[in-house]
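Atoms within each ligand, like the ligands themselves, are counted from 1 in listed order. The first residue of the sequence shown is numbered 1, and numbering continues consecutively from there.
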Amino acid sequence: MSKPSLILGIETSCDETAVAIYHNERGIIAHQIHSQIEMHAGFGGVVPELASRDHVRKLPGLVTAALEEAGCVSGGITAVAYTMGPGLIGALMVGAAFGRSLAYAWGVPAMAVHHMEAHLMAALLEDDSPDYPFLALLVSGGHTMLVHVSAFGQYALLGESLDDAVGEAFDKTAKLLGLPYPGGPVLAELARSGNDQAYRFSRPMLNRPGLDFSFSGLKTDARRVIDSTVLTEQTKSDIAASFELAVVDTLYQKTKRALAQTGLRDVVVVGGVSANLRLRDMFKSAFSEQGVNVYYPRHAYCTDNGAMVAFAGYHRFKCSDFSPLSIQVKPRCPL
Ligand code: KG4
Ligand code: ZN
């Protein structure tokens, strides 16, 4: 019987310090996360230097906690995966330096993982997940992409945002509404008690062919509506709901177009914005009527987490795609 593989995954690309352990037969056996939301909230957004310093403070303890949770000692880890980008450079450096050093000390390989590939793979951690090939809609704070996934590591970019990412549009609109950081989930919560027909927001780029997105106009729409409205709890909820509907509808229409173009029948929706309940409900109900299967990660694996890094790292490990001793992190890098 061959020895099982246990991959330690480290994620520090932005404002979550996260560690998980993936066991190739049992799945995720440890999952630790520390969110920096409270620390950044007073500043209305992520302060990169504070993020890096907090990763330094929290990461060692989280690794120890993950090893304890998995009931394994350091010697039991087969390889270490860390996020190499895209993200905040200082924050990435912390996870990369720590992860690479741990692997060196333990005498095991290390794998440098692309953050968006990790998000993509998160959907495949679930029991209900598709076979290759499938379409992926990646929606996070920094990216909006439609990707044709033929196999692990084989990606064809079909469309992406030409300006703001969809999570960024949520966050900026939330700020205009005076909502606290992190804007996206707070706006989504407010939208639940709003009337999504109260205001009309544009559906950007739908009248043009192609699969690219543009969300900066929606933010301008939001500013116009907010400036011309007396803001009460109800009107704020109505604006939030109308905005959210426009975003989700735009994502849905483009995804539908991508499915028609590629002939694919399975779509995974991943990244922080895939936690959005309206998006999840609308995609499931609208696509099921068309015989298209929609898959999501569970909520904890939608936003940044260590499980997705450990799992993507395992796939890199299987291809013997190891990181050299000299670490390199990249704030921007294509999938
Ligand atoms: O993937 P993620 O955790 O970090 C990045 O890689 O960027 O995504 C964070 C983004 C933020 O813009 C956040 O506002 C958004 O995901 N987000 C949401 C929701 N939860 C997180 N946007 C809309 N509705 C949500 N429920
Ligand atoms: Zn992310």
Check your understanding: Is the gap between the ring centers of F287 and Y252 under 6.0 Å?
Key -> yes
Practice item. Quickly, which of H34, Q32, K58, H55 forms a side-chain hydrogen bond (donor to acceptor under 3.5 Å, both in side chains) with T17? Name it, please. Key: H55
Check your understanding: Touching ligand 1 at all, P185? Heavy atoms, strictly under 4.0 Å?
Key -> yes
Practice item. Have a look at H119 and say which of its N, O or S atoms is nearest the Zn ion (ligand 2). Key: NE2
Point to revise | Of the listed options G183, G87, G184, S140, closest to atom 22 (N) of ligand 1 (non-hydrogen atoms) | key: G184
Point to revise | Under 4.0 Å to a heavy atom of G142 - the qualifying atoms of ligand 1, by number | key: 7 (O)
Review point. Nearest to atom 12 (O) of ligand 1, what protein heavy atom do you find, and at what distance?
Key: D171 OD2, 2.7 Å
Check your understanding: Would you call the rings of F311 and Y314 parallel, tilted or perpendicular, where under 30° means parallel and over 60° means perpendicular?
Key -> parallel
Review point. Are any of the N/O atoms in G141 less than 3.5 Å from those in ligand 1?
Key: yes
Point to revise | Side-chain H-bond candidate by donor/acceptor type, S242 with D196, under 3.5 Å | key: no
Check your understanding: Backbone or side chain, does any N or O of N276 fall under 3.5 Å from an N or O of ligand 1?
Key -> yes
Got a list of side-chain donor-acceptor pairs under 3.5 Å for residues 37-47, not counting sequence neighbours?
residue	atom	partner	partner atom	Å
H40	ND1	V47	N	3.1
H40	NE2	Q36	OE1	2.7

Check your understanding: Can C14 be said to touch ligand 1, with heavy atoms closer than 4.0 Å?
Key -> no
Practice item. Please report the shortest heavy-atom distance between A169 and F243, naming the atom on each side. Key: O-CZ, 3.6 Å
Point to revise | Protein heavy atom at shortest distance from atom 2 (P) of ligand 1 | key: D304 OD1, 3.4 Å
Check your understanding: Do any N/O atoms on G271 end up under 3.5 angstrom from N/O atoms on ligand 1?
Key -> no
Check your understanding: What residue and atom, counting heavy atoms only, is the protein's closest point to atom 15 (C) of ligand 1, and at what distance?
Key -> V273 CG2, 3.9 Å
Exercise for review: Of the side chain and backbone of H119, name the one, both, or neither that has a heavy atom under 4.0 Å from an atom of ligand 1.
Suggested key: side chain
Review point. Backbone or side chain, does any N or O of G167 fall under 3.5 Å from an N or O of ligand 1?
Key: yes
Review point. Counting only heavy atoms not in R57, do more than 12 sit closer than 6.0 Å to its CZ atom?
Key: yes
Review point. Could an N or O of ligand 1 be found under 3.5 Å from any N or O of M116, whether backbone or side chain?
Key: no
Review point. Taking the six-membered ring for Trp, are F201 and Y199 ring centroids under 6.0 Å apart?
Key: no
Review point. Under 4.5 Å between any side-chain heavy atoms of F322 and F317, yes or no?
Key: yes
Exercise for review: Check whether any N, O or S atom of C14 sits under 2.8 Å from the Zn ion (ligand 2).
Suggested key: no
Practice item. From atom 20 (N) of ligand 1, work out which of A169, S274, G272, C302 has a heavy atom at the shortest distance. Key: G272
Practice item. Record the part of A188 in heavy-atom contact with ligand 1 below 4.0 Å; permitted values are side chain, backbone, both and neither. Key: side chain
Point to revise | Which segment of H115 sits under 4.0 Å of ligand 1 when only heavy atoms are counted | key: side chain
Study note, to complete from the structure: Output field for angle at the Zn ion (ligand 2), H115.NE2 vs D304.OD1, rounded to 10°, should show 100°
Point to revise | Side-chain H-bond candidate by donor/acceptor type, D304 with H115, under 3.5 Å | key: yes
Check your understanding: With under 30° as parallel and over 60° as perpendicular, where do the rings of Y155 and F152 fit, or are they tilted in between?
Key -> perpendicular
Practice item. Determine, stepwise, if the pair L146 / L157 fulfils side-chain contact (heavy atoms from CB on, under 4.5 Å). Key: CA-CA 6 Å; L146 276 164; L157 182 65; over 6 Å; no
